[in-house]
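A quick write-up on the structure given underneath.
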Number of protein chains: 2
Amino acid sequence: MIISTKGRYGLRAMFELAKAYGQDPLSIKQIAAMQNLSEQYLEQIFSKLKGAGLVRSTRGAGGGYTLAETPGGISVGQVLTALEGELVPADCVGDDAAGCAKAGLCTTHIIWQRIYDGFTGVVNAITLQDMVDDFHRLIADRPQAKNVKC
Amino acid sequence: MIISTKGRYGLRAMFELAKAYGQDPLSIKQIAAMQNLSEQYLEQIFSKLKGAGLVRSTRGAGGGYTLAETPGGISVGQVLTALEGELVPADCVGDDAAGCAKAGLCTTHIIWQRIYDGFTGVVNAITLQDMVDDFHRLIADRPQAKNVKC
DNA sequence: AATATATCATAGTAATTTTGTCAAGATTAT
DNA sequence: ATAATCTTGACAAAATTACTATGATATATT
């Protein structure tokens with residue numbers, strides 16, 4: 001599995017926030033109940049999402065989390081990277097690699113770079129707004145889909 | 001890191017086999033020496049590659065491994081899948097999922113499927129022949145690149 | 001036949017990562 | 001005040017990763 005539970009749970013949580021965009025904050029407790037997850041584990045996940053600047057928190061009664069930007073301004077790739085670290089196939093590519101010394105002299109480097117570019121291209125092209133749009137199309141077609149998640 | 005050492009070492013080993021295609025088999029010992037890896041670990045890797053039908057083995061003195069097909073007939077995706085298992089972002093997609101029961105009713109499923117299709121599209125499109133071609137272009141330009149690997 | 005060279009199969013193991021749990025504190029709305 | 005909520009850090013079981021070790025089996029060469 002390329003994506004761990006942190007990334008998978010986190011993306012679903014961000015999807016809930018995207019659906020609630022413009023409304024009151026959603027609390028950890030609410031999201032945990034929606035998705036049947038432990039509150040403590042979700043807290044860790046939101047701590048990372050906040051560190052990456054993808055969500056804003058409101059403390060105190062009635063508080064919770066909201067998206068830091070519009071759903072269209074946050075990509076699936078940003079969410080996954082915040083939770084999983086850079087989605088690199090090998091550590092000679094990606095921003096953290098800061099340019100492998102052997103780049104330009106190594107054949108496998110070319111391949112890892114190509115895979116990295118392809119993968120990030122895919123995940124960065126999908127935004128939370130796309131997910132919300134998918135969702136609306138889905139329940140327009142089949143209303144019973146509203147509460148199904150896998 | 002999306003790809004573990006098994007996949008990374010294994011792809012480099014298959015690259016050596018692709019460069020030696022049409023010649024005598026390469027032994028584990030030779031490949032291990034080329035890449036400075038443990039022979040036992042490489043054996044495990046080749047056991048999986050053989051199980052997937054990607055290499056043929058010849059036992060006994062002078063034996064070793066050869067590609068089971070032409071370099072153009074083996075994709076990077078096949079190699080990585082043989083060594084890492086299916087490259088799925090979540091277990092509701094991929095061949096092993098055999099169609100998640102909630103497919104068509106679940107929004108995140110759509111996303112995982114899209115990511116899976118994108119990723120496999122990239123890795124299946126690159127063949128070992130492409131790597132060999134890259135290599136030849138590289139050393140034509142910069143001969144000192146011949147023995148550089150990262 | 002003997003020997004050297006290989007693959008093949010299985011088991012063990014230390015280190016790391018994943019997947020959480022638990023508890024104490026800080027902040028804010030009401 | 002107080003109840004709700006975020007924040008932080010420590011802890012730990014389970015799984016995975018990344019090997020190591022051993023012995024067996026098959027084949028070419030002498």
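Just so we're on the same page: letters track the sequence lines, and every chain starts at 1.
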Are any of the side-chain heavy atoms of B/Ile2 and A/Val88 separated by less than 4.5 Å?
no

Atom NZ of A/Lys50 to atom C1' of D/dT8: distance rounded to whole Å?
12 Å

So that I can tick it off, tell me whether B/Asp134 and B/Arg137 are bridged by a salt bridge, with the cut-off set at under 4.0 angstrom between side-chain N and carboxylate O.
yes

Whole-Å gap separating P (D/dT5) and OH (A/Tyr65):
12 Å

Protein-to-nucleotide contact annotation, 5' to 3' order, nucleotides 16-30 of chain D [B base; S sugar-phosphate only; - none; under 4.0 Å, heavy atom]
--BBBBB--BBBS--

Taking atom C1' of C/dT19 as reference, at what distance in whole Å does atom CG of A/Leu42 sit?
13 Å

Value in whole Å for how far the C1' atom of C/dT19 lies from CG of A/Asn36:
15 Å

side-chain contact (heavy atoms from CB on, under 4.5 Å) against B/Leu37, all qualifying residues, sequence neighbours excluded:
B/Tyr9, B/Gln35, B/Leu42

Write down the distance between CG (A/Leu83) and P (C/dT18), rounded to a whole number of angstrom.
12 Å

Ring-face cation of A/Lys19 near A/Phe135 (centre distance under 6.0 Å, axis angle within 45°)
yes

If the cut-off is 4.0 Å, is A/Ser57 near the phosphate of D/dT5, judged by side-chain N/O to OP1 or OP2?
no

What is the distance, rounded to the nearest whole Å, between atom CD of A/Gln30 and atom P of D/dA4?
13 Å

Can a donor-acceptor pair be found between the side chains of A/Thr81 and A/Glu86 at a distance below 3.5 Å?
no

Comparing nearest nucleotides in DNA chain C, the 5'-proximal residue of the pair B/Ile28, A/Ile3 is B/Ile28

Output yes when at least one side-chain N/O atom of B/Ser47 is less than 4.0 Å from OP1 or OP2 of C/dT7, else no.
no

Rounded to the Å, how far apart are B/Phe46 CZ and C/dA9 C1'?
17 Å

Atom pair distance, as rounded to whole Å: CE in B/Met1 and P in C/dT18
11 Å

Distance alone, cut at 3.5 Å: any donor-acceptor contact between the side chains of B/Tyr65 and B/Thr58?
no

List the residues meeting side-chain contact (heavy atoms from CB on, under 4.5 Å) with B/Val123, not counting sequence neighbours, and say none if there are none.
A/Ile115, B/Leu80, B/Leu87, B/Phe119

